[in-house]
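Just so it is clear: chains get the letters A, B, ... in the order the sequence lines come, proteins before strands, and each one is counted from 1.
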2 protein chains.
Amino acid sequence: MNLTEEKILQAAEEIFLKQGYDGSRMQAIADLAGINKAMLHYYFRSKDQLFERIFKEKYGGFFPTIEGLISSQINFIDKICTFAEKYTLFLIENPYLPLFVINNINKNPDFAKNLPLNLPKTLVMSYMEDAEKGLCRLMNPAQLFMSIFGMCIFPFIGKPMIQKVTGENDEDFKELMKMRSNEIKEHIRLILKP
Amino acid sequence: MNLTEEKILQAAEEIFLKQGYDGSRMQAIADLAGINKAMLHYYFRSKDQLFERIFKEKYGGFFPTIEGLISSQINFIDKICTFAEKYTLFLIENPYLPLFVINNINKNPDFAKNLPLNLPKTLVMSYMEDAEKGLCRLMNPAQLFMSIFGMCIFPFIGKPMIQKVTGENDEDFKELMKMRSNEIKEHIRLILKP
DNA sequence: AATAGATTTAACCAAATGGTTAATATGGTG
DNA sequence: CACCATATTAACCATTTGGTTAAATCTATT
């Protein structure tokens, strides 16, 4: 992979993630990459193709696959708590990802077709097993996972609002997020305790 | 308020809410309203002003004010549960609102300045009072409210993904949402039980 | 009916934007 | 060096888009 191509991808990622497809300008990407606009088309033909390249690379990470964890044989509560922790740490490093992915799937629901569903499906199965054994409270798994993903994702899509309510600056917010995973784990345990 | 003006506002609301500012075309709004594009500028001068009109009208509803409820003297757990129920019902009727508001506040954080903060602030105070009395578990209120709002909002911003995972159609999804408020109330009670 | 003011329309405009092209530079290879 | 493919650039193009204008139509008041 050549240097120009990489500079373009890096710039495109930054612009597309923050501005979305409609809000992004090819010229802005070129400027950020420090190259001529024609290079974008030389390497990626069109805005659509450049965007799709970034999107496909990024949205797979929406349900980050933590292979070893989800297929391991530990009990569901520990498994989902570990997942929530790793997911939160992942989102701290990729704070723009949730809104980016959500927006593009809402705009073009066809993209959802390619979503890697193994993670949520494996988790649901893992939950059902333990719930039937009486190891966790029984409920509709969709309801459970909406709550869990909501707790994990909301801070990152609602950051400006949260900061407005709490009056925190970015440093405070990062601190709040560091403590977030412990709090989520606690909430999950309370919800699932039989 | 004259008829043309109302038709414009109705069309603008539909387009802006679903497509966002950048994705919306003045021509599309005019077409939907069934009038000439020049009328948009005649009544609202510019796209920005038309958008701001819609946004200000809509985003106040992100924290729907339920005056009687938040200032009532019932215990916090019942109060927040009732709030979650009413909020969910409100979102079922306004499913595009969360993503719309979130996107525009993320794009232009200055808008957060005008957010009506009385609702969250009153709720936090109400929580602190009861927590100190030992009526609910003590924790960082920001963490609590991120979980609650996350549980309420996530289904509406993640709808296409949820449907992909569960394989549900729109009818099924609406049914799932009807049961959502009971589930959230249960989760909140479990999280807050002292 | 005549006048005046508000409303509506078709045609137009300038800027922005995604995309193309033709010419030029660059770097490796015989 | 001469050659050739690749990489890069400036200038250009067609379309889209927000916005304007001048003329036409409607509405009420005298």
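- Listed in residue order, the members of residues 38-51 of chain B having a heavy atom less than 4.0 Å from DNA chain C are B:Ala38, B:Met39, B:Tyr42, B:Tyr43.
- Using a 4.0 Å cut-off between charged side-chain N and carboxylate O, A:Glu171 and A:Lys174 make no salt bridge.
- Using a 4.0 Å cut-off between charged side-chain N and carboxylate O, B:Lys185 and B:Asp78 make no salt bridge.
- Non-hydrogen atoms lying under 4.0 Å from DNA chain C are contributed by B:Asn36, all within residues 17-37 of chain B.
- Considering B:Phe149, B:Phe90, B:Tyr87 in turn, B:Phe149 is the only one that fulfils the ring-ring contact (aromatic ring centres under 6.0 Å, His included) rule with B:Phe63.
- Under 3.5 Å, the side chains of A:Gln27 and A:Asp31 contain a donor-acceptor pair of N or O atoms.
- The side-chain contact (heavy atoms from CB on, under 4.5 Å) with A:Phe55 is formed by just one residue from the set A:Leu50, A:Leu17, A:Asn104; it is A:Asn104.
- Between A:Lys159 and A:Asp170 there is a salt bridge, since at least one side-chain N of the basic residue sits less than 4.0 Å from a carboxylate O of the acidic one.
- Using a cut-off of 4.0 Å between Lys/Arg side-chain N and Asp/Glu carboxylate O, B:Lys107 and B:Asp22 are scored as salt-bridged.
- A heavy-atom distance below 4.0 Å to DNA chain D is reached by none of the residues of residues 2-9 of chain B.
- Annotation: A:Phe76 is not in aromatic contact with A:Phe83 [ring centroid separation under 6.0 Å not met].
- When side chains are defined from C-beta on, B:Asp172 does not count as touching B:Thr166, because their heavy atoms never get closer than 4.5 Å.
- The distance between the ring centers of B:Phe62 and B:Phe100 does not fall below 6.0 angstrom.
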